[in-house]
2 protein chains.
Amino acid sequence: MFRLNKLTDYGIVLMTSIAQHPELQNARDLSAASQLPLPTVSKLLKALSHVGLLVSHRGSKGGYSLSRRPNQISVAEIIDALEGPIGFTECSVAAGSCDLEPSCVVRRNSKVISLALLGALENLTLGDLMQPMELAGLKPRSNIVSSINLISGGVQ
Amino acid sequence: MFRLNKLTDYGIVLMTSIAQHPELQNARDLSAASQLPLPTVSKLLKALSHVGLLVSHRGSKGGYSLSRRPNQISVAEIIDALEGPIGFTECSVAAGSCDLEPSCVVRRNSKVISLALLGALENLTLGDLMQPMELAGLKPRSNIVSSINLISGGVQ
DNA sequence: TAGATACCGTACCAATTTAGTTCTGTATAT
DNA sequence: ATATACAGAACTAAATTGGTACGGTATCTA
């Protein structure tokens, strides 16, 4: 399915939860608050600390806190930390991974879509997630709101 | 990884390839043109016919053709056909799938992000993929081009 | 009308990925 | 000292993914 892994989803929930409580919180507190099992929470927090999105404090009264202000931490970074590089297709992330690349009719456009997607998620921050968001802009073709700004040569 | 399955990617390649050649093409021709193994191509074409994106013609001189004009077939439909509903997180696709829903701090915003993503892909068609696309619009916060139009209450 | 062609449907399997756990080690506060 | 809490690695089970196989049916051509 074209969607986030559960663990990544949990990671975003945890990061948002940490953002909402400025004081230091340990894995157990966060597990209780999020209703997620402690070992899982622990694993996620470790990964997020590892890439520098969280700062960890060991020992008694230890815990985790954000390394930056919420509006300086993008959702893209969280995703990248927990499930690797964001992209629309494999070839747009890892060039050379696909045998068909030289002859592929959509490779170049996949890359463009990937960049749009990445840009969108880099632009979205924990600060945004902390309060209700709304869709902006109207979608021309359907009645569901838009979306990624792409422009094509324009087949008609 | 937050990206399309390989098979879905292949499906998009095949659809684009069919769009570029108006005449009827059979699975073997498409396999040869795309360099993908015949059984895989066959499986994908069947799935795409099943949901009505392709029209199949049996018998000698049979093959597949698009059921609609390229600019009337969205990338979202192709993805949906091959790997199920598009969404940012599981809960934004299948409500009730996650135990934490009632207390989850980001559920509502996940849904908004999902709708933006879906809107973007519904708005992108095979017609667009048939020729070189470009990114439009500038991203305010980083130097990578933008992206999904979302508006938040605006934490500062 | 016989036969070749090509799609249909289903079932299957191996490899990978994902989700979740366990355990030993190390740093820190009291 | 000792309890607390993170660090890191290794491990397992389940689910998903990618790819294959095969008997059945429709249709065109000769």
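Quick note: numbers below take in every heavy atom, side chains included, and nothing from hydrogens, waters or symmetry partners. Since this is a predicted model, take the numbers as computed values, not measurements. The sequence lines fix the lettering, A, B, ..., with proteins before strands; numbering per chain opens at 1.
Following rounding to the nearest Å, B:L44 (CG) and C:dC7 (C1') show an atom-to-atom distance of 14 Å. One can place CG of A:D99 at 15 Å from P of D:dG18, the figure rounded to the nearest angstrom. The nearest whole Å value for the distance from the CG atom in B:L48 to the C1' atom in C:dG9 is 16 Å. For the pair A:E83 CD and C:dT18 P, the interatomic distance rounds to 7 Å; values are reported in whole Å. Atom CG of A:L4 and atom C1' of C:dA19 are 15 Å apart (whole Å). Rounded to whole Å, atom P of D:dA15 lies 15 Å from atom CG of A:L7. Rounded to whole Å, atom P of C:dG20 lies 14 Å from atom CG of A:L82. Taking atom CG on B:L45 and atom P on C:dC8, their separation rounds to 9 Å, with Å as the unit.
Across all strands, B:K46 comes closer than 4.0 Å to base atoms (heavy-atom distances).
For the residue pair A:N26 and A:G62, the shortest heavy atom distance occurs at CB-O, 3.8 Å. Shortest non-hydrogen contact noted between A:S31 and A:L38 is OG-N, 3.4 Å. A pairwise comparison of heavy atoms in B:A81 and B:V51 identifies CB-CG2, 3.5 Å as the closest pair. Between A:S97 and A:C91, the shortest heavy-atom distance links the atoms OG-CA, 3.9 Å. The heavy-atom pair separating A:S67 from A:G52 by the smallest distance is OG-O, 2.7 Å. Across all non-hydrogen atoms, the minimal contact from A:M133 to B:N109 is N-OD1, 2.8 Å.
Along DNA chain C, the nucleotide nearest A:L38 and the nucleotide nearest A:H57 are compared for position; the residue whose nucleotide lies closer to the 5' end is A:L38.
Interface residues of residues 8-34 of chain A facing DNA chain C, ordered by number: A:Y10; criterion, heavy-atom separation under 4.0 Å.
No side-chain heavy atom of B:R107 sits under 4.5 Å from any side-chain heavy atom of B:P102.
In this pair, B:F2 and B:F88 present their aromatic rings perpendicular. The plane angle is above 60°, beyond the 30 to 60° band.
Dense packing is recorded around CZ of B:R68, with more than 12 heavy atoms of other residues, nucleotides or ligands lying under 6.0 Å away. Within 6.0 Å of NE2 in B:H21 there are more than 12 heavy atoms belonging to other residues, nucleotides or ligands.
A:L117 and A:M1 are assigned to two separate hydrophobic clusters, defined by single-linkage of ILVMFWY side chains at heavy-atom distances under 4.5 Å. No continuous path of hydrophobic side-chain contacts links A:V55 to A:L24 [ILVMFWY only; heavy atoms under 4.5 Å].
For A:T40 and C:dT21, the shortest distance from a side-chain N or O to OP1 or OP2 is below 4.0 Å. Of the side-chain N and O atoms in A:S56, one or more sit less than 4.0 angstrom from OP1 or OP2 of D:dA7.
Comparing D:dC6, C:dT22, D:dG18 against the side chain of B:K43 picks out D:dG18 as the nearest.
Helical stems in DNA chain C, defined as runs of 3 or more consecutive Watson-Crick or G-U wobble pairs with donor-acceptor distances under 3.5 Å: C:1-30 with D:1-30.
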I'd like a list of close polar pairs between nucleotides 28-30 of chain D and the protein, N/O only, cut-off under 3.5 Å.
unit_1, atom_1, unit_2, atom_2, d
D:dC28, O4', B:S60, O, 3.4

